[in-house]
Amino acid sequence: MRYYKQFLLTLSLCFNLSIAHASTRDRIYNMADLEVLAAEKNFYEFFNHALDVVPSERKESYKNLMDEMGVAYLSYLAGRFSIEEQERKLLLKISKWPIFMGNEFFIKKRDFLFIKEIKHCFEAKNKQCVTLAEQLFNDYEHDAIFSFDIVNTLYTYKVPQQQLWSFAIPLVSKPISEFYCSKEPFKNIILNRLYQEMDSKQELSTQVHPDCLKQFQSDFRVALKASDNRNRIAAYLLLKQAKLAKDHDISTYHFFSFTNNPDLKGQLLDDTLKQLKGLSLKYEQRDELLKTLSKLDFLPGRFFESPESSKSQSRV
């Protein structure tokens, strides 16, 4: 009988505690409650009840308090050696709230925190750092500049370039990219990707904004004079499809295609000869081409090695 009474007492106590816990959990908090929690920096309870305040009661003081606690939470996380799963879930949860999705300062500060976390992962020699970067990149809405920062960070830690392109797209597809596409190593990553796409598909990626492409004009023009046929062709196609090719670029491309490829034939040879013949009627283009040639050391020797003397004579 004594054990039965103890059992009933224990059962009653557990029931009362669960009721009390449910009562606390289900209670609707008001602004006064949230202000107390904010003063205590009690992030979990604060954010679990922040939406208890109905929209019609969310005055300026409410918005200011939310901003304050959002930034304070980021500062708290920044001071942590590592971010726990529970902390990450809370951050993801509040990041999807409209009040933070439209908060540029909150987003920039959070993105800075993510870069720090990725660096810490690599420095700890964790093998899942690229996976972590992909998770942070895909799960949140970011400032466009985050693409620049995360690509440069991953590049620093020797992540292969082909894995970096998906991180770069949100920035290179926007007009603001003109201020970043010329900066290394971001520039080199984009340039290699463009050459790779032109080599495989012969068409310009629609993901790259024209203002970004303009930053590579000088690089494309240098490539027009390169001995590497693939890069020269890619550079020429990029200039044309981006509507950046000038008459001199066309002449340069055809001349160096002719001199660097003695075996040129078919339609490409016909187009090249037609273009070069047209130079006789275009003094300015011819003059520009001669200036370019005067800066070169030598023409490639194999250009004059044709077994047919008539071809060699015509080239001379």
Side-chain angles (χ1 to χ4, degrees), residues 95-96 98 100-115 118 130 133-226 228-250 252-253:
S95 290
K96 295 184 181 299
F100 291 121
M101 288 182 71
N103 187 326
E104 186 176 343
F105 181 75
F106 175 85
I107 292 171
K108 285 181 179 293
K109 188 175 179 70
R110 188 199 60 206
D111 286 351
F112 180 80
L113 171 68
F114 289 161
I115 295 297
I118 293 168
V130 175
E134 290 172 343
Q135 180 183 342
L136 295 175
F137 186 78
N138 294 322
D139 287 352
Y140 297 82
E141 292 292 329
H142 300 280
D143 181 82
I145 311 309
F146 183 64
S147 286
F148 180 78
D149 293 332
I150 197 171
V151 166
N152 286 350
T153 299
L154 295 174
Y155 182 87
T156 300
Y157 290 101
K158 313 299 183 185
V159 176
Q161 287 196 24
Q162 60 266 29
Q163 292 183 251
L164 302 181
W165 183 244
S166 60
F167 296 104
I169 291 172
L171 177 56
V172 301
S173 60
K174 293 181 172 60
I176 195 176
S177 61
E178 69 171 303
F179 301 108
Y180 296 90
C181 287
S182 60
K183 297 181 179 181
E184 294 288 5
F186 200 65
K187 171 185 176 180
N188 188 51
I189 292 165
I190 301 168
L191 199 55
N192 287 340
R193 175 71 184 198
L194 289 172
Y195 284 153
Q196 179 185 346
E197 285 195 359
M198 295 307 290
D199 188 44
S200 61
K201 298 191 297 184
Q202 299 284 295
E203 63 182 34
L204 182 62
S205 171
T206 55
Q207 295 169 321
V208 183
H209 195 276
D211 290 343
C212 176
L213 279 174
K214 288 177 184 177
Q215 309 311 309
F216 302 113
Q217 291 184 74
S218 59
D219 299 279
F220 294 154
R221 291 190 171 105
V222 169
L224 291 179
K225 297 173 276 189
D228 187 318
N229 287 322
R230 293 170 66 182
N231 278 2
R232 187 186 330 104
I233 293 170
Y236 177 65
L237 293 174
L238 283 162
L239 280 169
K240 283 195 70 176
Q241 292 189 33
K243 299 180 180 179
L244 297 171
K246 298 178 180 179
D247 290 341
H248 174 58
D249 298 325
I250 298 172
T252 300
Y253 165 72

Plane angle bin for F148 and F186 - parallel if under 30°, tilted between 30 and 60°, otherwise perpendicular: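 The rings of F186 and F148 stand perpendicular, inter-plane angle above 60°.
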
Plane angle bin for H142 and F146 - parallel if under 30°, tilted between 30 and 60°, otherwise perpendicular: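 Rings of F146 and H142: parallel, as their planes differ by under 30°.
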
NZ/NE/NH1/NH2 to OD/OE distance under 4.0 Å, D211 and K214: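 Judged by the 4.0 Å cut-off on N to carboxylate O distance, D211 and K214 do form a salt bridge.
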
When rounded to the nearest 0.5 angstrom, what is the spacing between [atom1] in [X] and [atom2] in [Y]?
{"X": "T252", "Y": "R221", "atom1": "OG1", "atom2": "CZ", "answer": "9.5 Å"}
{"X": "Q217", "Y": "D249", "atom1": "CD", "atom2": "CG", "answer": "8.5 Å"}
{"X": "I189", "Y": "C181", "atom1": "CD1", "atom2": "SG", "answer": "11.0 Å"}
{"X": "I145", "Y": "D111", "atom1": "CD1", "atom2": "CG", "answer": "10.0 Å"}
{"X": "Y157", "Y": "T153", "atom1": "OH", "atom2": "OG1", "answer": "7.5 Å"}
{"X": "L194", "Y": "L213", "atom1": "CG", "atom2": "CG", "answer": "6.0 Å"}

Would you say that [X] contacts [Y] through its side chain, given a criterion of any heavy-atom pair below 4.5 Å between the two side chains?
{"X": "M198", "Y": "R230", "value": "no"}
{"X": "W165", "Y": "V151", "value": "no"}
{"X": "F216", "Y": "L238", "value": "no"}
{"X": "S173", "Y": "H209", "value": "no"}
{"X": "Y140", "Y": "F114", "value": "yes"}
{"X": "K225", "Y": "Y253", "value": "no"}
{"X": "I118", "Y": "L154", "value": "yes"}
{"X": "C212", "Y": "I190", "value": "yes"}

Assess whether atom [atom1] of [X] is packed by more than 12 heavy atoms of other residues, nucleotides or ligands within 6.0 Å.
{"X": "E184", "atom1": "CD", "value": "yes"}
{"X": "K183", "atom1": "NZ", "value": "yes"}
{"X": "F179", "atom1": "CZ", "value": "no"}
{"X": "E141", "atom1": "CD", "value": "no"}
{"X": "K187", "atom1": "NZ", "value": "yes"}

Within the distance-only criterion (no hydrogens, no angle test), does the side chain of [X] pair as donor or acceptor with the backbone N or O of [Y] below 3.5 angstrom?
{"X": "K174", "Y": "P170", "value": "yes"}
{"X": "R232", "Y": "A226", "value": "yes"}
{"X": "N231", "Y": "D228", "value": "no"}

Geometric cation-pi criterion K109 and F112, 6.0 Å radius, 45° cone: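 No - K109 does not lie over the ring of F112 by the 6.0 Å and 45° rule.
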
Side chains of S95 and R110, donor plus acceptor under 3.5 Å: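 S95 vs R110: donor-acceptor pair found between side chains.
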
Nearest non-hydrogen partners of [X] and [Y], listed with the distance:
{"X": "I169", "Y": "Q207", "result": "CD1-NE2, 3.5 Å"}
{"X": "S147", "Y": "F137", "result": "OG-CE1, 4.0 Å"}
{"X": "V159", "Y": "Q163", "result": "CG1-CB, 4.0 Å"}
{"X": "A234", "Y": "Y195", "result": "CB-CD2, 3.5 Å"}

Derivation and outcome, side-chain contact (heavy atoms from CB on, under 4.5 Å), residues I150 and L164: CA-CA 9 Å; I150 197 171; L164 302 181; over 6 Å; no

